Every structure is written in C-alpha cells, then in structure tokens.
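Worksheet: one structure, shown below.
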Amino acid sequence: MSGKHLPKEIAAAGQICRRCRAAEAFLVVRTEPLCRDCFIKYVHTKVIKRMESFRVRFSAVDQSRKLLLPVSFGVSSLTLLHVLDQHLSKQKERTGRTGFELQLLFVDTSSVERASPEPQLVSLLKGQFPDHSCTSVFLSSIFEDESTDSEADFREYLPAVAQADAQPPSAEQRLEHLMKSLPSATARSDVMSVLRTRLIAKIAEEKGCEGILWGDCTTRLAEKTLAETAKGRGFSLPWQVIDGDSPYGIAFNYPLRDLLKKELTAYADMANPPFSSLIHRSPGSGQLSVSSKHTTIDDLMKQYFESVEENYPSIVANVVRTTSKLQAPPSQRTDQFCRLCNMPVTNGKFGIHGWGGDQQDSTDALPELSGNGLCYGCARSLPQVTAL
Amino acid sequence: MPPSLCALCKTSRAFILRPKDHQKLCKPCFISVFETEIHHTITSNNLFHRGERIAIGASGGKDSTVLASVLKTLNERYNYGVELILLSIDEGIKGYRDDSLETVKRNAKQYDMPLMIVGYDELYGWTMDQVVEQVGKKGNCTYCGVFRRQALDRGAAKLGVKHVVTGHNADDVAETVLMNLLRGDLPRLSRTTSIVTSTPSAVSSPDSPSHTNIKRSKPLKYAYEKEIVLYAYHKSLDYFSTECIYSPEAFRGSARALIKNLERVRPSAILDIVRSGEDMARLVPGGNEACSNGCSGQTALPEEEEGGCGSSNGRSAGGEMASMEHQLAQNDIATEVGLEIEITSSSLNGQQSGKKKDPDAVQLVNGKKGRRLKGPAQTPRKTARQTMGQCKRCGYLSSQEICKACVLLEGLNKNRPKNNIEVSSYAPEQEHGHMNNATNAMQKLQLGVD
Ligand SMILES: [Zn+2]
Ligand SMILES: [Zn+2]
Ligand SMILES: [Zn+2]
Ligand SMILES: [Zn+2]
C-alpha cells in the first residue's frame, strides 16, 4: 500500500498537497503534488465527469439503465470498476437509487492464449463486487450463436476445420483452428481482439445494455491510435477512440480517457478497499521478446507509449484528443460493413487490393467481392481468407 | 533444401527476398516488378502528361538516383513523352555537397539528362557557410531547413519548369503519418498523404511559371526504402551514400525508430500506415475535399511541410518534444482554471452546471470553418497555421504575412557585415545529445530478424 512501486518521477517527497494544502503530498500528478486523498478524488472526478449522462436524475425511477463493463483483470478495467462501484454505493446512500446498473463480463481466452487470467479470479471478483451481476464466457462462444444472419455471417468465411468424421467441429475447435491458421503473432492478437469486441458487443445487446464501458485509459487510447494505424485500420479509429455510437449498434464509452496509465497504477496501489489481488499481471509484460516472431504491433506501441508517458504525458493526451477529432463519415443505408470487425467500409474498398499502394491493376471485377468482405485491416490479418 | 524458384517467372532461381511482401524473386523479375509498380503509380494517378517538362529533385542520394533511373527507363519504355531534367540545390556548405554534386553530375551524363544546379547564394543571396558565420553553428539548421523547403520550387521556377518530382518513398510517408499523429497535427497528416501536392494560388500566366504554382509529386510514394536500395544495388546505380548530417528532430526521429521496428514485426506495416494515412485524411474535419476520391487529387502544400531527411529543424529542435510537452501542460492548467471558473458561474445560473468543457487538441484548427479553440490558453504557433496565403514579399505560399524564409533573410541582411570575413571551414557534425528517451528506447530495441 505504500508508494514503493511508484516511478521516481511521480514521487513527491516532502511537498505539501497543492489541493488541500494540509496533507503531505504523496505523488506529483501532472506537475501538481497531491496527497493520497486528493489523488483518489482526482481519479474519481476524472471518471465521473465522463459519466455525466448517466446521472440519477436522468434515469427513470422504474427503469434502470444497464451498462456493460468488460473486466480483463488488468489495472484499467479493475480501476474503472472500483471507482464506479463506490460511486454507485454513494448514489444509493444519497438518493436510494442509482443512475445506472453495471453488468460485469469476463471473456475467457485461455484456450487460445497462454497468459490469460486464471478462472478463479472471476469468483474472487464476484466476492469483492457482489452488487453487480457478473458473467464469464468463453471466447469460442462466438461460434455458438444459433442466429443465422447469413448474409453478414463472418464465420463461414473463416478457414474450415477439416472434418475427419461426421461430427461438426466444436466451437473450441473452430476458434483454435482459426488462431492456428493466422500468419503472425500480430495477426493473432489482432483477430483475437476483434473477436472479443464482437462478442462483448453481442452480449451487451443480449443483456439489454445501452452501452459498453471500456477500460482504455489515455495511454492505451494513444497506443491504440498508432497500433491500429500501423495495422491498416486507420479508417476505423473514430469508432475505437471516440465516445458514442458504434457500428455494433451500441454506444462505446471510454470513462478512463483522461487518466494516464501510471495514474491508474498508482491508484491500484493505494485504493481502499484494495483490489490488487485481483490484478492479473501477464508474465514478462513490459519486456519485449527479442524475436520479432513473437512481438506484436500492440506490444511495440505499448512499450513506446509507456516510455513517452514518463516524460511527455501531455503529448500522450494530445494524441488522443487529436484522434478524437476525426469525424466518422455520416452513416448511410448503403454502407457496407466488414464481415469480421463490422466496421463500415466506404466505397466498397474491401481487401488489400485495388488501391494506390497495391500498384497493380485490380483483377477483381466486383469490388464488394474483393477481400471476401473483409476490410483492409482484417484482410491483412487473414490472408488465407482473402485468397479463397 | 532445394534452391527455390522465382515466384514470378518460375524458371530462374530466386535470389531476392522482397522486403515488401517476402516474395522470392530472381533479379530480372525484381527489377521488372519494381519498375512496373512505379509505372502503375504514375499512370493510375495521371502524374505526367505528354510534352511536360519535369524536374527531378536530385541530391545524389539513393532515392533521387533511383527515381531518375526508373523515370528514364519508363519514359523510354512506355513513351510518356516527358522531358526530364535534374535539379540540384547547392546549399553552399564547403565540402559537404561536393561529393554528392559530383554524383549528380555523373548521373546527368549517365542518364543523358540536363542538369541544373541552383545555389543558395543565387536564390537567397546567402550560402549556408555565410549563414553559419553570421549566426553561429547553433540554430543554423532553422535556416537550412526553411531555405531548403523553398529551394526546389524556386529552382524549378528559374528553369521554367512547373512540375518537380521528389524521391520521397513509402517509409518517408509512413514516418510522416506517425509523426503528425504524435504531434497532433491532423491537417498536415491529411495533406502529406497525397501523392500530388501543389500550391493553390496558381493563377499566374501559364507561360511564366513562378514558384507559387509548382506541382510536386512523389512517384516512389509506395516504394519501400529497402527495395529502393536493392534496386540501386542490382542496377549498379551510381549514388552517393551518406547519412544525413542533420539528426532528425525528436518527433520524426521517434517515428522513424518506430517504423523500423514495425517493419520487422510485420513487413506490410509501412504500406499499411500509408493506407491508414490516406483513409484518415478523409476523416479530418474540414479537411481536403480533394482527398474524397482516394487522395490522388491535388492538395495544397504550405511551407515547412514535407519532411524527409534534413528538412527538419535538426539539432536546434532536439528539445521539440520537451517544448511541446511544456506548452501542452500549460494549456491544460489554463483550461482547468477556466473550467473551474465556468463551472462556478454556470452553476449560478442553475443551468448545465458542471458541463464538461472540452479542451481542444492543441494543433487542430479548422481553418475553413473557423471553429475557435476553446479554453483561455492556446499555443501561439498554431493559430494562423491553416490560413494559407502568399508571402507579401516573395509570393511563396505561407501561413504568415511574410514567409519564414523572408523573415530569416531580413534578419540576416540587417546584420550583414560590411565586408566579408574569411571563409570558415564549417564541418557539419553529428549531434545525438538531444535524442529523447522515447526514441532511444525504440532504437535500443533491436528486434532480431527471424
Ligand atoms: Zn490533499
Ligand atoms: Zn474488418
Ligand atoms: Zn523470375
Ligand atoms: Zn517570402
């Protein structure tokens, strides 16, 4: 609970807190020395400010607004949960009801990811946050959906499992097979996060939630901006960093967007009641493997922005503010969507061919058939599908 | 393992692993596919028209040498019917340009192209050596950078040429995209992704081109730097290989280090960033209408625009990240104060109390729509940036009344010594001291190639 894990830059030895001017400062937050209490207040204020539209007086007495909070057991999503949990308790104390209701969701990726959180964390989570309903699903359940919206169904375009017997492959087999067929670590982490988002959006809708509260902090959003750009997904950034309607028909919100990674880490260190035992720290995080075979674009950007954040936190924040200015083209009825990530693809520019950088005459007669209905970014990660 | 065959002709042995997509090719197939791709870029974007005189910005380095070689080859092979001229700029740094200018002179003979060398002394009345003598070594990069940006256009105008092609490659464009994201400069991100840039004030008569209506294009926009090197090597091209004497400013250096690592992790990343940049250009508010059809259209290019080696502010701007950080932090504090005041006053009204005031991204201004930045404090340098006009003194496209070059020249001329003192021997030196941590972290991370 002490500040021993804090990076040197934010330690504030011997200074007086600039906000209350009474207590001794505990750390320096963006040039301001703050005491423990004032720092906690600072974090809460930053989050709650982002939740304005979900205030008690905006909610009907008989009808509770539901919001889905996906928990990955990282510092960010747990901090968000911790802050909102206390916020809701206070609301309840004060007014007898809450502005919204939280639904927690954990997506279990253990079948295809080695360093995924241990399943027992879910019961610990339920124990510590009993006020909110909590669900755990396997990532593979994305293949279990019975509803056949055949036209937009992405699954039939994914590489099929070779069937030795008449048994149709299980959902786990399909997921495993898909992951194995991907050409690189970058493609695997890319496709996994696309599937995860898709599944979360689907469940949020099934549960009648009106929005999803993502745990991305400033630093993470900056990482995402550059990583998605490097993955050829620049076109989809407005839906990945900006609060508002998503192409999944459900609102995406990023309540931690004004907080830096190091601030969340500091919060997790001193929060009361503590929740650090819930944090899943993936082994070897922060250190990149020497081989490019196992390094992903996300890894690179994570490392990059963690180092930028140390000395240039405002630059990190400015990247996010800037990206948030991108304007999604007005949606049209004729819009076409990527079969995998569901992002709108303008002018039917599917696949990786048929643009300037392709530098050859496109052989596809029908643009909507190119890339098999995958956007540029998805087509990059799934070359075997586009080659079909 | 048997030697693999070329993926294209399927007869010769493959000797080359294509950096762009790891395709295995024989040498003739690589040369041919590289040229065909440039040809495709030129024709699909209608870069040239028959009878056009085109100046190749030639530095003697690999990019412009490959560009000259490929354009000569394609012009003959496909009968473009264009007239190619080499245009070199002599900054007037004793010793530095000598070798590269010799290279350009040999290239002119090898490719049978006319060569025009334009000196800073002709263009500005000052050589870089004289500038250094006047202002000292510190800060002279500001001059070189500003002068260099205009030099090609001014040189082309002297030649009566209205189209300059430069050797900017895919790596340069990708670097610029990431750099402008890091700097928070969307308008510039959107402009620099276009393959053609030109100054919009092109109203002067067609037979007297001035430097205000020079069209610029980058035929190598989609070509990987590594493939350019391979092409030069396999064609035994004569180019001057030297590291640029200017260490890039922090944002560019940072972006460059990132690009190198991204390319190792996924070779297509460079092209993917270029693609993202083109797509994002369409999402920039009040951005380029020209970009609505795939960024192949023309777009305005103000001064201090195109990066690439040496055009940055170099050593003097090593603290660029630090100073921007400082500026942004100041803005945040000011916004916070303003926010508190606003909350207090609006809660008095009982209306929209505590409504969030969005601190605007610092660099972003919508010139056209004239949306004002909120918050009391703003970065001074951004306010006028996007209102493009012409320099009152020289007519060059500029966001200010007087362009940077003219401002610098004014300062220089004011203090010009009565009589020239002895010629100094200015030896450019590499300085790494300013490299920021982030760049270092990226550079230290040497990912192994499998
Ligand atoms: Zn305090
Ligand atoms: Zn997609
Ligand atoms: Zn061949
Ligand atoms: Zn001027």
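Because the structure is a prediction, the values reported are computed rather than measured. In the text below, chain A, chain B and the rest are named by the order of the sequence lines, each starting its count at 1. When reading the values below, keep in mind they use all heavy atoms of this one structure, side chains included, and skip hydrogens, waters and symmetry mates.
In this structure, A:R380 pairs ionically with B:D272, as a charged nitrogen and a carboxylate oxygen lie closer than 4.0 Å. Between B:R275 and A:D358 there is no salt bridge, since none of the side-chain N atoms of the basic residue sits less than 4.0 Å from a carboxylate O of the acidic one.
Distance check, rounded to the nearest 0.5 Å: OH of B:Y222 to CH2 of A:W355 gives 5.5 Å. Atoms CG and CG, from B:L189 and A:L326 in turn, are 8.5 Å apart once rounded to the nearest 0.5 Å. Atom-to-atom distance recorded for B:D185:CG and A:T322:OG1 is 8.5 Å, nearest 0.5 angstrom. Atom NE2 of B:H326 is separated from atom CD1 of A:I315 by 12.5 Å, given to the nearest 0.5 angstrom.
Minimum heavy-atom separation, B:L271 to A:G357: CD2-O, 3.5 Å.
Taking the side chain as every heavy atom from C-beta outward, A:N318 and B:R183 never approach each other to under 4.5 Å. In this structure, the side chains of A:L226 and B:L182 come closer than 4.5 Å at one or more pairs of heavy atoms. For the pair B:L262 and A:M301, the minimum side-chain heavy-atom distance is below 4.5 Å. Contact of the A:Q327 side chain with the B:L283 side chain is not registered, since no non-hydrogen atoms from C-beta on lie closer than 4.5 Å. Put simply, the side chain of A:T296 does not reach to within 4.5 Å of the side chain of B:V265, judged on heavy atoms. Residues A:K231 and B:S268 have side chains not in contact (no heavy-atom distance under 4.5 Å, counting atoms from C-beta outward). The side-chain heavy atoms of B:L328 and A:R321, taken from C-beta on, include a pair separated by under 4.5 Å. Looking only at side-chain heavy atoms (C-beta outward), A:P313 and B:E325 come within less than 4.5 Å of each other.
With a 4.5 angstrom heavy-atom cutoff, A:F235 touches chain B via backbone and side-chain atoms both. In this structure, chain A has no heavy atom under 4.5 Å from any part of B:V33. Only the side chain of A:L237 comes within less than 4.5 Å of a heavy atom in chain B; its backbone stays farther off. Heavy-atom distances place the backbone of A:E228, and not its side chain, under 4.5 Å from chain B.
Listed options B:R266, B:K20, B:H39 were ranked by heavy-atom pairs under 4.5 angstrom with chain A; first place goes to B:R266.
Inspection of the A:Y304 and B:S254 side chains reveals an N or O donor paired with an N or O acceptor under 3.5 Å.
Within the 3.5 Å criterion, the main-chain N or O of A:T229 finds a donor-acceptor partner in the side chain of B:S276.
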